[in-house]
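Everything below concerns the one structure shown next.
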Amino acid sequence: RRRRRVRHPPITRHVIIPVLQYLSDRLNTPGLLAVCVAMIILLPIAFLPWRASVWLLAFRLGFGVGLAVATLASAVGMAIPFLLARYGCLHDRVARWAGKKEWYNTMVLAVADVGSAKTVLAMRLGPAPYALFNYCAALVPSIPFWRYMAASVVGHIPDTCIHLSVGAAAKGLAAAIEGKGTPPKAATYARYLLPIAAAVLIAVAGTIYWRRDLARVRAAAAAEPAEE
């Protein structure tokens, strides 16, 4: 019986997989690690796209090694903006910008209400933009650096798993498209999609939890002037 050919989106066949394959073929393992780690650390500091480097790690090294490398590199990438905004030359500029954001002002109230670690974890899982939050969290004096780092690393893992799964799946699809492997089966797709589904569920739960806390914190802040 003739097996039905698997069709993939044009962007997968003509853009994502060729680029990942090209970089994977041109770089040796130490060079690839250096490029990916540098991208994960430096690009978010300048608000540039960086998640393709996580795809490349999984494409070349697999999910497990990619998770370890991406987590360590992300930890450094989250620490540098925090330290620049808290102790460096960017403090005043970030403070002027952050004061205009509603989610930042609510985060300050939430830290006082539920604690810094719980707030940072919820923000990582929920509504805060990754690169911007690295800077803005530093402006809250009641968020200690090491507590920020621990909560940020844990809260960022679901997002990392999503992008690692994309890279790992692209490797199998590349082999199938080039005819070097068997077409992916349902179990193969499930293996790559399950981490994505789990990470999405965690992110959704974090967002729902965060919004519920936001409503409670806002209600308490609105009630304080009335009581006075």
Side-chain angles (χ1 to χ4, degrees), residues 16 19-20 23-24 27-86 107 115-138 140 143-172 191-207 209-210:
I16 296 176
V19 170
L20 293 178
L23 293 174
S24 181
L27 297 172
N28 57 21
T29 300
L32 181 137
L33 283 172
V35 169
C36 290
V37 168
M39 290 175 65
I40 293 172
I41 293 174
L42 299 177
L43 292 184
I45 296 176
F47 302 101
L48 296 174
W50 58 275
R51 286 182 171 86
S53 56
V54 181
W55 301 350
L56 183 57
L57 281 174
F59 190 86
R60 175 70 174 269
L61 303 175
F63 187 95
V65 176
L67 178 61
V69 174
T71 300
L72 291 174
S74 296
V76 178
M78 290 184 284
I80 293 174
F82 183 94
L83 295 174
L84 286 175
R86 175 159 289 186
M107 179 188 71
S116 57
K118 192 175 179 181
T119 300
V120 171
L121 180 61
M123 292 293 286
R124 286 295 184 194
L125 293 174
Y130 172 81
L132 297 178
F133 184 73
N134 294 338
Y135 288 98
C136 292
V140 185
I143 299 181
F145 173 71
W146 292 112
R147 195 171 296 175
Y148 157 82
M149 287 300 302
S152 291
V153 169
V154 173
H156 188 58
I157 287 176
D159 180 82
T160 303
C161 289
I162 290 175
H163 294 283
L164 286 170
S165 298
V166 171
K171 184 174 184 179
R191 187 177 66 188
Y192 295 129
L193 291 175
L194 281 176
I196 296 178
V200 169
L201 287 174
I202 292 173
V204 169
T207 301
Y209 174 82
W210 170 248

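Numbering starts at 1 and runs along the sequence shown. Every heavy atom of this structure was used, including side-chain atoms; hydrogens, water molecules and symmetry mates were not.
A salt bridge links D159 with R51: at least one charged nitrogen is closer than 4.0 Å to a carboxylate oxygen.
With hydrogens and angles disregarded, no donor-acceptor distance shorter than 3.5 Å links the side chain of R124 to the backbone of H156.
Across all their heavy atoms, I45 and P81 have their closest contact at CG1-CG, 3.9 Å. Heavy atoms only, all atoms of each residue included: A73 and V37 are closest at CB-CG1, 4.1 Å. Of all non-hydrogen atoms in M149 and A75, the two that sit nearest each other are CE-O, 3.1 Å. The minimum heavy-atom distance linking A151 with L121 is given by the pair O-CD1, 3.7 Å. Taking both residues in full, the closest heavy atoms of S74 and Y130 are given as O-OH, 3.8 Å, listed atom of the first, atom of the second, then distance. Taking all atoms of both residues into account, the shortest heavy-atom contact from I157 to V153 is CG1-O, 3.3 Å.
In this structure, the side chains of L67 and L57 stay at 4.5 Å or more apart for every pair of heavy atoms. Counting heavy atoms from C-beta on, the side chains of V35 and S53 never come closer than 4.5 Å. Put simply, the side chain of I162 does not reach to within 4.5 Å of the side chain of P158, judged on heavy atoms. L132 is listed as a side-chain neighbour of F47, based on a closest heavy-atom distance under 4.5 Å. For the pair T119 and V140, the minimum side-chain heavy-atom distance is 4.5 Å or more. Counting only heavy atoms from C-beta outward, the side chains of F133 and V120 approach each other to under 4.5 Å.
Of the inter-residue distances, the one linking I80 atom CD1 with N134 atom CG reads 10.0 Å to the nearest 0.5 angstrom.
Below 30°, between 30° and 60°, or above 60°: for F82 and Y148 the angle between ring planes is below 30°, a parallel geometry.
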